[in-house]
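First comes the structure, then the notes that go with it.
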Amino acid sequence: MEQQLPTSKEKQVASIKVFMGNTIYPVEIYKGQHISFYYLPAGEHTAPGREEQVQKATLENESGRTINVTWEAVGGLFKNKIVTKHAPLLRRMMGAPDTYQFDKCIGGPQFFSAQEEAEC
């Protein structure tokens with residue numbers, strides 16, 4: 001039997017479980033998928049008004065101990081540059097190889113649907 005290698009246009013979808021609000025949800029993710037959320041620089045101790053709304057971030061990887069995300073934002077010393085920011089999105093839970101929970105610096109996550117992905 002010949003094994004076909006995936007082409008660069010095919011998405012390698014990973015099926016994982018996400019623990020949120022005392023419930024486990026099945027989720028399918030892939031590298032390059034878009035997500036929106038609130039970035040909380042100090043975790044749950046972030047002061048009101050200090051959170052940053054991220055409209056469109058991109059997943060860097062779909063497996064591993066942490067699943068990371070990147071996005072572009074205004075930054076720099078005088079807030080006059082476009083900078084690329086990185087943050088952990090999901091962290092693997094102990095004792096479960098495919099179960100993750102959202103990092104403490106992520107609030108209100110929302111994965112884009114396939115239709116929304118096509119519009120981007």
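This structure is a prediction, so every number in the text was calculated from the model and none was measured. Heads up: numbering here begins at 1 and tracks the sequence.
For the pair Ile67 and Ser63, the tightest heavy-atom approach, listed with the atom from each and the gap, is CG1-N, 4.3 Å. Minimum interatomic distance between Phe112 and Gln33 (heavy atoms only, all atoms of both residues): O-NE2, 4.0 Å. For the residue pair Leu40 and Glu51, the shortest heavy atom distance occurs at CD2-CB, 3.5 Å.
In this structure, Glu72 CD and Thr58 OG1 are separated by 8.5 Å, a value rounded to the nearest 0.5 Å.
The hydrophobic cluster containing Met94, built from Ile/Leu/Val/Met/Phe/Trp/Tyr side-chain heavy atoms closer than 4.5 Å, comprises no other residue. Grouped by direct or indirect side-chain proximity (heavy atoms under 4.5 Å, Ile/Leu/Val/Met/Phe/Trp/Tyr only), Phe19 sits with Ile24, Met93.
Counting only residues at least two apart or in different chains, ring pair (Phe, Tyr, Trp, His ring centres under 6.0 Å) contacts with residues 49-76 comprise Phe37-Trp71, Tyr39-Trp71. Under the salt bridge (charged side-chain N to carboxylate O under 4.0 Å, His left out) criterion, no residue pair touches residues 23-36, with sequence neighbours excluded.
Contact annotation: the side chain of Tyr30 never approaches that of Leu59 to less than 4.5 Å [non-hydrogen atoms, C-beta and beyond].
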Would you tabulate the side-chain donor-acceptor contacts of residues 74-92 under 3.5 Å, counting partners in other chains and residues two or more places apart, or write 'none'?
{"from": "Lys85", "atom 1": "NZ", "to": "Glu52", "atom 2": "OE1", "distance (Å)": "3.2"}
{"from": "His86", "atom 1": "ND1", "to": "Glu60", "atom 2": "OE2", "distance (Å)": "3.0"}
{"from": "Arg91", "atom 1": "NE", "to": "Asp103", "atom 2": "OD1", "distance (Å)": "2.3"}
{"from": "Arg91", "atom 1": "NH2", "to": "Asp103", "atom 2": "OD1", "distance (Å)": "3.2"}
{"from": "Arg92", "atom 1": "NH2", "to": "Gly64", "atom 2": "O", "distance (Å)": "3.1"}

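The hydrophobic clustering, which links ILVMFWY residues whose side-chain heavy atoms are closer than 4.5 Å, places Tyr38 and Met20 apart.
In terms of modelled atom types and a separation under 3.5 Å, the side chain of Asp98 and the main chain of Ser15 share no donor-acceptor contact.
Within a 6.0 Å radius of CD in Gln53, other residues, nucleotides and ligands contribute more than 12 heavy atoms.
Residues forming a ring-ring contact (aromatic ring centres under 6.0 Å, His included) with Tyr100 (at least two apart in sequence, or on another chain): none.
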